[in-house]
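Notes for the one structure printed next.
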Amino acid sequence: MTVDTSALSGNLEFLTLPDVLQLLHTNTCSGILRVKNPYTPTPGVVYFNKGAAVDALAEDKSGIEALYELFGWVEGTFTFSTEKVTASRVIKAGMMEIILDGTRMLDDGKIAKKGPEEAFIQDDQNTTDGSNLPVVRRPISNYSYVLDEEEVANGKNIVTQGRHGDWICVMLDGYADVIRQTPKDGVTITRLGPGSLIGNISSLMSTKSVRTATLVARGRVALGVLDMQRIHTEFSILTPKFRSIAVSLDKRLRQATDTVVDIHLKQLNVKEVLAGKRLLMEQGSTDEQAHLIEEGDVCVVRKTKKGPIPLAFLEKGDYVGNIPCINTGHEPSGAALYATEDVKLAPLDLELVQQEYDEASPMIRAILDHVAACVSVTTLIACDFEKMTRKR
Ligand SMILES: Nc1ncnc2c1ncn2[C@@H]1O[C@@H]2COP(=O)(O)O[C@H]2[C@H]1O
């Protein structure tokens with residue numbers, strides 16, 4: 001656990017959620033507690049005002065329901081940052097009552113412990129067609145970036161794969177399917193819900209960005225068009241190293257999506273992918289380092305009961321390892337690394353990376369968190385494609 005004037009962070013297996021709530025309550029803290037669980041695509045959020053939990057978000061729940069849900073997130077990490085909280089008081093119960101009730105309901109099995117089995121099972125109210133697609137949802141907290149609002153009718157494309165486009169927008173309401181077009185057909189990868197961002201990080205590096213997928217509105221969708229000039233400025237003042245970490249993250253999303261397509265087309269050839277590579281890091285390793293690849297190729301592989309699933313193919317200029325502020329659910333805990341013999345790695349100063357993340361604008365942090373969450377969801381789909389895409 002680390003404590004400084006602005007933040008508190010740690011591992012939930014070391015300091016449990018009731019401990020953290022108690023600590024923030026006793027110290028009359030104001031700010032935002034973010035809870036990350038390896039089996040959910042989006043962090044849970046609890047808003048604190050002078051030691052009281054005033055509102056919370058967890059998956060598709062809000063208020064007290066969301067806060068109780070978080071008691072089931074027994075694995076993962078948390079970060080508290082002292083920020084001005086404008087959320088109004090939705091949660092009326094006192095902290096002690098919440099802690100006692102939450103703990104009791106968890107013990108009684110009334111709150112589900114979040115583990116691999118429970119991850120991303122959706123109920124029908126989120127969807128219009130009853131599919132099992134996992135839904136990516138995010139808290140919408142940065143309205144100040146929204147310049148304009150637009151509506152898209154059911155079934156219409158929001159963006160089209162292969163077309164140029166460099167704006168990023170936020171889904172204020174509704175759902176959209178992410179579809180990868182292949183020469184044969186379209187593969188539905190996942191579904192984006194309210195709070196999701198549309199647009200890739202690479203578009204912040206170049207003016208000629210191409211859409212990597214088609215997004216189709218499922219029901220009426222309300223979009224918030226974001227202030228790109230402001231986002232470009234905020235991105236451009238990041239260090240080149242931090243920007244390349246962001247671009248490397250974006251690459252992971254594209255490649256994990258490629259893997260889903262390969263599985264759909266039955267053209268995934270794991271043997272070929274791993275040929276000439278040796279194990280660099282075992283899945284489940286406790287290695288806390290991260291590295292820049294200076295030479296050679298590294299393949300990120302999730303080992304599943306059905307066999308290894310390659311998720312990303314990284315090369316010179318990409319990053320591997322454990323970057324705590326960018327939680328993709330990949331290595332070290334959720335994937336192994338295989339590398340070519342000539343691989344050369346340079347260690348990354350994780351304290352500097354964390355500092356730059358903490359000091360980045362809320363929108364830059366939201367973009368990184370969103371892409372990392374999409375990588376994590378897409379990985380789960382790749383590992384259980386049949387189950388995730390099956391219609392009920
Ligand atoms: N696997 C995925 N999961 C979630 N969103 C995705 C995925 N692949 C692509 N997208 C989104 O779909 C968008 C298509 O246009 P962009 O490439 O600009 O930005 C892309 C992302 O916002």
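Every number for a ligand or one of its atoms is a count from 1 in the order of the listing. Along the sequence shown, residues are numbered consecutively beginning with 1. Keep in mind that this is a model prediction, so the values were computed, not measured. Side chains included, hydrogens not; waters and symmetry mates left out as well; all remaining heavy atoms used.
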- Donor on one side chain, acceptor on other, Thr214 and Asn157, under 3.5 Å: no

- Task: To the nearest 0.5 angstrom, please state how far the CD1 atom of Ile201 sits from the CG atom of Leu368.
- Result: 5.0 Å

- Task: List in chain and number order the residues that pass salt bridge (Lys or Arg N to Asp or Glu O under 4.0 Å) with Glu83, two or more places apart in sequence or in another chain; answer none if no residue qualifies.
- Result: Arg34

Distances for all N or O pairs of ligand 1 and the protein under 3.5 Å?
residue  : atom   : partner : partner atom : Å
ligand 1 : 1 (N)  : Thr257  : OG1          : 2.9
ligand 1 : 1 (N)  : Thr378  : OG1          : 2.9
ligand 1 : 17 (O) : Asn200  : ND2          : 2.8
ligand 1 : 17 (O) : Thr212  : N            : 2.8
ligand 1 : 17 (O) : Thr212  : OG1          : 2.7
ligand 1 : 18 (O) : Asn200  : N            : 3.3
ligand 1 : 18 (O) : Asn200  : ND2          : 3.2
ligand 1 : 18 (O) : Arg211  : NH1          : 2.5
ligand 1 : 19 (O) : Gly199  : N            : 3.4
ligand 1 : 19 (O) : Asn200  : N            : 3.3
ligand 1 : 22 (O) : Gly199  : N            : 2.9

- Message: I need the minimum non-hydrogen distance between His25 and Gly51, along with the two atoms involved.
- Response: ND1-O, 2.9 Å

- Message: With a sphere of 6.0 Å drawn around CD of Glu272, does it hold more than 12 non-hydrogen atoms of other residues, nucleotides or ligands?
- Response: no

- Any Lys/Arg nitrogen of Arg278 or Glu341 sitting under 4.0 Å from an Asp/Glu carboxylate oxygen of the other? yes

